[in-house]
Structures are given as structure tokens and as C-alpha cells.
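These notes are about the structure you will find just below.
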Amino acid sequence: MSPKRPTYALVDCNSFYCSCERLFRPELRQVPVVVLSNNDGCVIARTPEAKALGIKMGDPFFKIRDALKAKGVVAFSSNYELYGDISSRVQRTIESLAPRVEVYSIDESFADLTGIAEPLGDFARQIQARVRSWTGMPVGIGIGHTKTLAKAAQHASKLYKERTGGVVDLRADHAVEWLLKRMPTQEVWGVGRRISVRLEADGVTTAWQLANTDPKTIRQRYGVVLERTVRELTGEPCIELQEAEPDRQAICTSRMFGERVTTLEAMREAVASYMHRATQKLRKQQSLTAVFRVAVLTSPFGDGPKYANSVMCYPPYPTDDVLLLTRAAMEGLEVIWRDGYRYSKAEILLMDLRKRGEFTGDLFTPSQPARSDDLMRVLDLINVKFGKNALHSGRMPIDATWAMKREMMSRSYTTSINQLMRFKAL
DNA sequence: TCTGGGGTCCTAGGACCC
DNA sequence: TCTGGGGTCCTAGGACCC
């Protein structure tokens, strides 16, 4: 084995959202905890204790509310401000030890361990211990020669936590074989429900069988994505580490309402609010949008009349000006709005994003005037200083009737001076 | 009453061009 | 009788991820 052979670690926070809540509620360490989606809709994170009680991902909260209470499960509304801040602390801690890190999601990072001194198992335990001591977050770590194998190793570290202490080194061939033989295809990174059903019909049920199919045949029957997965399972790297986070190609803000919207006026407020949020993300990555889409939808559930429609809107020039975009969105909304429905959701999708400067105006296509730039700069400065929604367009309400329901939300302990943790001396 | 949100990549097919 | 071929761009839809 060449010492240069690529080696990756996947660092994964255990039940991330739930663990964030537990950080500031130590009395819940042994108590089953779940975190709910927006509007307290359904379960999106569970501690092992909650899993053991049979609570499933996606269980609608209103159906299991009483059962949760009876079993002593504590439920939280999702608090993304808190999770986002804890996440960046964990990432910075990992980066203090590993030179090259890809932030893969809010609770997972890949680290490139190529060339790091053996034993790597000890190095991984060092990361684990430092994250625990600096942030309080428990993490599991998997090591492999490809990202897909590192993922599989991390999966095993969770499954066999007692034996492994949450660190699995899956570089040896016999270890790979042992694990993949016990791993259903659907647990493999990149194999979802649809593909696993088709694979099963082809007689492939374990990751080991998948690793031993002919990649060319897989490409023909399933496409290049699965082919890469197969190669990665055999130890051939096909997916590289992405250190720099690429700019988004589309920015979407869509949310269910806390209660149904039935008037155009309320829908205008909602669309303006979503545009406010979407353009903040847009300006953060310093892009301009040339086309966007506004959509309104009724709930797919229940037996009320259903309606969903969307419209593409074209601002006069690529822009990040929330006022201009909000006006255009209001015109678009007029086109698709129909009275008589109980709307459950609206959506803003900013598309055709361009970097500033990439777009060159000419005589006939103007570009954004400097006063818009100035105004947006001031808007963002004020909102950084006084909170995300301190300054906003007049269309956006201060207190909306349709706002998200979050009845069980914890404090923003780490990001708001008014919500710090409090102690009482006895 | 009440069922998440935000992304990515790939492919197929149509329009259009020379 | 015989009815091109290759390229690009765009869009819609499907699959996946957390």
C-alpha cells in the first residue's frame, strides 16, 4: 500500500439537532429527545433513546404528540440559529487539527487525512475528544480510502458504538469486506430507495454484492452516478474533496405557513418576506439574479380544493435589490393568484445567478444602478448589527398571522445577548 | 386543525443551427 | 425508391443528499 493513497475521514455529529438542544439542557442527557420540522410538522431528528421507542423520521407530530408525552419524550421546535452556530464551532475545531476539510452539511465534514502520521485511529480519537471538549458535541468518525467508504465506516461507528467508541478505520481490505457484507445497499451513500428496489430485482441486496458488480454494466443500467459509487466501494476514488464551498446555482426560500392563507394581502406579505430572506442569501454570495419564480400552493393533504401555480419573473437587469425584486414578485403574484383556496405554502426560487462583474451590460441592457448597491449595503449592515429582519421592505409585516409555528423553541443561547443561559446561585 | 426545507447532479427530449 | 448528421442550448423530470 502506497503511503500516498488518498485517505478520508468523515466526522459526523451524533443526532446533531438533539445534541445541540442537550448542550444547554444537561438534565436531558438521558431523556429521549426529538426535534421537529418547521411549523412543528414532523420529526426530523431523534436521540437513540427516542429511536428505541419506535419514533420514526418524518412521523407527523400531531399524530404522535400524546404518545410522546406518555413516554416522556421531550420535543423541540427547530432552532436553526442555534444549530448553525454550534455547527460552525464544530467545524472550526475540526479545522484546528486537520489541514483540509470539506463542510459537507450542517452536521458532517470530510477531512483529508492523506499523509497524516499513523496511527490514524488515534488521530481520529483526538479530533473526537477535542470537539467534545471544546464544543460539547459527540461525534462519530469513519476512515476510508474513498469518501463513500469513509461514509460506510462512519455508519459502522454508529452501529457498533459500544465496540468502537465511535471511530472506525475501514482501510484494510478484510475490514471492508466484513462490513459491506453486512450492509444493505440502501445504507450506501448515493443509493436511495428507488435504486435499491431496482438493485434488489437484479439480485443485489448487500453493499458487498454492489461493490462486486461490473461498473460498466451498472453505468448502462443505472447511469454514471451509481457507477461512481460502485468504484468508490472498491476503493477507487471518484469523488474529490471540495474544500471551497461553491456558490449556489439557485436560491430557494419556501415554507409552509403556520396557518392557511386565504387573502391576497396576506399572500403578498408572505411573498415579500420570502423575497427578503432569499435576497439576503443572494447578496451573501455576491450574486445577482436574472430570473426568478414565484409559486403558491395549497396543501397536498386533506380534501379541500387543490391549486398550485407558479410564474417566471424577469427583472429589467440582473439584480440583488430586494425592493425591485419584491415589486416584480408582486406583479407575478397577481398573475397566479386565485381566490377561494386555502394556501399552505409559497415559494421564491432565484435562478440564473451570476457573479457580480461576470455580467456585462450594454447599451440596451442596463445594469443595476449604484444607488441600489449603496442601499443594499446599508440594509445588510443594519441587519447584521440589529438582527436579520430589523430593516425590511414595507410589504413585509412585523408580526404575521401566517408565520411559522414554533411552540417548543429553545433559546438562541449562543447568538443573542437577550437569550443567554441563566444560572441562579442558591 | 396539524404531514420539512433546501439543495445537487444527470438524463432525455425538443428546438434550433449549419 | 430514396427523406442527414452532428452540435448546442434549454427545460422538465428523476434520483439523490442531509
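The structure presented is a predicted model; accordingly, all values stated were derived computationally and were not measured. Chain letters run A, B, ... following the sequence lines, proteins first and then strands; every chain starts at 1.
- Under 3.5 Å, the side chains of A:Arg342 and A:Ser299 contain no donor-acceptor pair of N or O atoms.
- Within 4.0 Å (heavy atoms only), A:Val188 reaches sugar-phosphate atoms of the nucleic acid but no base atom.
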Tell me, what's DNA chain C's dot-bracket, Watson-Crick or G-U with both distances under 3.5 Å, | for other-strand, [ ] crossing?
....||||||||||||||

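- As judged by a 4.0 angstrom heavy-atom cut-off over every strand, A:Arg65 is placed among residues making no nucleic acid contact.
- Across all strands, A:Arg198 comes closer than 4.0 Å to no nucleic acid atom at all (heavy-atom distances).
- A:Asp40 comes within contact range of no nucleotide atom at all, as no heavy-atom separation falls under 4.0 Å.
- In summary, the side chains of A:Ser287 and A:Gln285 do present a donor paired with an acceptor at a separation below 3.5 Å, with no hydrogens or angles considered.
- A donor-acceptor contact under 3.5 angstrom links the side chains of A:Thr414 and A:Asp85, judged on distance only.
- Contacts between chain A and DNA chain B, taken as any atom within less than 4.0 angstrom of a protein heavy atom, begin and end at B:dC2 to B:dT11.
- For A:Glu243, the CD atom counts as densely surrounded, since its 6.0 Å shell holds more than 12 non-hydrogen atoms of other residues, nucleotides or ligands.
- In this structure, A:Tyr104 reaches the sugar-phosphate backbone alone: every heavy-atom distance under 4.0 Å involves primed, P, OP1 or OP2 atoms, never a base.
- Two residues, A:Gln242 and A:Asn38, neighbour DNA chain B, and the one matched to the more 5' nucleotide by heavy-atom proximity is A:Asn38.
- For the 3.5 Å distance criterion, the side chains of A:Glu49 and A:Thr47 qualify, holding a donor opposite an acceptor.
- Nucleic acid contact class of A:Leu36 (heavy atoms, under 4.0 Å, all strands): none.
- Among residues two or more places apart in sequence or in another chain, the side chain to side chain contact (heavy atoms under 4.5 Å, CB included) test is passed with A:Lys181 by A:Glu177, A:Trp208.
- If you check every strand for non-hydrogen atoms under 4.0 Å, A:Ile106 touches nothing.
- Residue-level contact check: A:Ser299 touches neither bases nor backbone, having no heavy atom under 4.0 Å from any strand.
- Within the 6.0 Å centre-distance limit, the rings of A:Trp189 and A:Tyr104 are counted as a close aromatic pair.
- A donor-acceptor contact closer than 3.5 angstrom is absent between the side chains of A:Asp320 and A:Thr279.
- Looking at heavy-atom distances under 4.0 Å, A:Gln249 makes contact with sugar-phosphate atoms alone, never a base.
- For the pair A:Met404 and A:Arg342, nearest-nucleotide mapping onto DNA chain B gives the more 5' position to A:Arg342.
- Rounded to the nearest Å, the gap between the C1' atom of B:dC17 and that of C:dG4 is 14 Å.
- Atoms CG and CG, from A:Leu170 and A:Leu10 in turn, are 12.0 Å apart once rounded to the nearest 0.5 Å.
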